Amino acid sequence: MTAAAPARAQDAASGALVFKRCAICHSTDPAKGPKIGPALNAVVNRKAGTVTGFTYSSALAKSGIIWTADKLDAFVARPSGVVPGNRMAFGGIPDAKQRADLIAFLKTLRK
Ligand code: HEC
């Protein structure tokens, strides 16, 4: 995807809007502590279940997942399909473009 670079900022901007659906439960600022779910700053390539101060389901804590872009894409599409028994009460985002934009946004949250 050589054309991806110029579009990236725009994808992330769209993704920030998609993230509003997540922001009910997830902050992007670890200093504010977890909401209903763990903070999602720097989640890309992080090991699942490792935000200190958040109590995960054992399903997620023991999943062994590394949140690569591909894994995040699959999880956001259908959380219960990727981690059966997890406690995230969210049905998923069926639209692949919305998920791609969302992940572009998550990649901007490095720290
Ligand atoms: C209704 C609240 C809620 C919504 C909405 C929600 N989540 Fe979650 N999320 C959670 C909870 C609770 C967990 C922890 C689940 C567990 O421990 O099983 C979680 C866990 C996660 C994890 C795993 C984090 C880690 O540290 O391993 C990711 C990634 C994630 N959510 C992404 C998203 C994204 C992206 C969205 C929006 C598309 C979203 N969530 C929407 C509540 C929510």
Side-chain angles (χ1 to χ4, degrees):
M1 287 236 296
T2 45
R8 222 171 247 170
Q10 214 179 350
D11 292 349
S14 306
L17 298 179
V18 179
F19 187 77
K20 291 190 171 175
R21 294 160 68 177
C22 322
I24 309 164
C25 299
H26 291 286
S27 96
T28 57
D29 179 357
K32 292 191 180 140
K35 293 165 88 172
I36 291 169
L40 290 184
N41 61 295
V43 70
V44 181
N45 293 328
R46 184 164 79 196
K47 190 165 190 275
T50 54
V51 171
T52 48
F54 182 78
T55 307
Y56 292 89
S57 65
S58 62
L60 192 60
K62 291 178 186 160
S63 67
I65 286 172
I66 306 290
W67 291 123
T68 59
D70 282 356
K71 273 288 176 192
L72 282 169
D73 183 64
F75 182 69
V76 171
R78 206 164 82 80
S80 61
V82 174
V83 185
N86 84 80
R87 275 197 284 105
M88 175 159 133
F90 185 75
I93 296 178
D95 186 307
K97 166 72 173 139
Q98 286 184 0
R99 293 197 309 271
D101 289 348
L102 174 68
I103 291 161
F105 169 71
L106 290 175
K107 282 180 177 169
T108 68
L109 307 174
R110 292 209 174 80
K111 282 287 163 208

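Given the structure is predicted, the values throughout are model-derived calculations rather than measurements. As the structure lists them, so they are numbered: ligands from 1, and atoms in each ligand from 1.
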Legend entry - Enclosure of Lys35 NZ (heavy-atom neighbours >12, cutoff 6.0 Å): yes
Legend entry - Shortest non-hydrogen contact between Ser63 and Ala48, atoms and distance: OG-CB, 3.6 Å
Inset, instruction - Determine the minimum heavy-atom distance between Pro30 and Ala39, stating which atoms define it. - result: CA-CB, 4.1 Å
Legend entry - Ser14 versus Asp101, closest heavy-atom pair with distance: CB-OD2, 3.3 Å
Legend entry - Other ILVMFWY residues reachable from Leu102 by side-chain steps of under 4.5 Å: Val18, Phe19, Leu40, Val43, Val44, Val51, Phe54, Tyr56, Leu60, Ile65, Trp67, Leu72, Phe75, Val76, Val82, Val83, Met88, Phe90, Ile93, Ile103, Phe105, Leu106, Leu109
Inset, instruction - Please report the closest heavy-atom contact between Arg46 and Thr50, naming both atoms and the distance. - result: CG-OG1, 3.7 Å
Short N or O separations between ligand 1 and the protein, below 3.5 Å:
from, atom 1, to, atom 2, distance (Å)
ligand 1, 7 (N), His26, NE2, 2.8
ligand 1, 9 (N), His26, NE2, 2.8
ligand 1, 17 (O), Ser57, N, 2.8
ligand 1, 17 (O), Ser57, OG, 3.4
ligand 1, 18 (O), Ser57, OG, 2.5
ligand 1, 18 (O), Arg87, N, 2.7
ligand 1, 26 (O), Tyr56, OH, 2.6
ligand 1, 27 (O), Gly49, N, 2.8
ligand 1, 27 (O), Trp67, NE1, 2.8
ligand 1, 31 (N), His26, NE2, 2.9
ligand 1, 40 (N), His26, NE2, 2.8

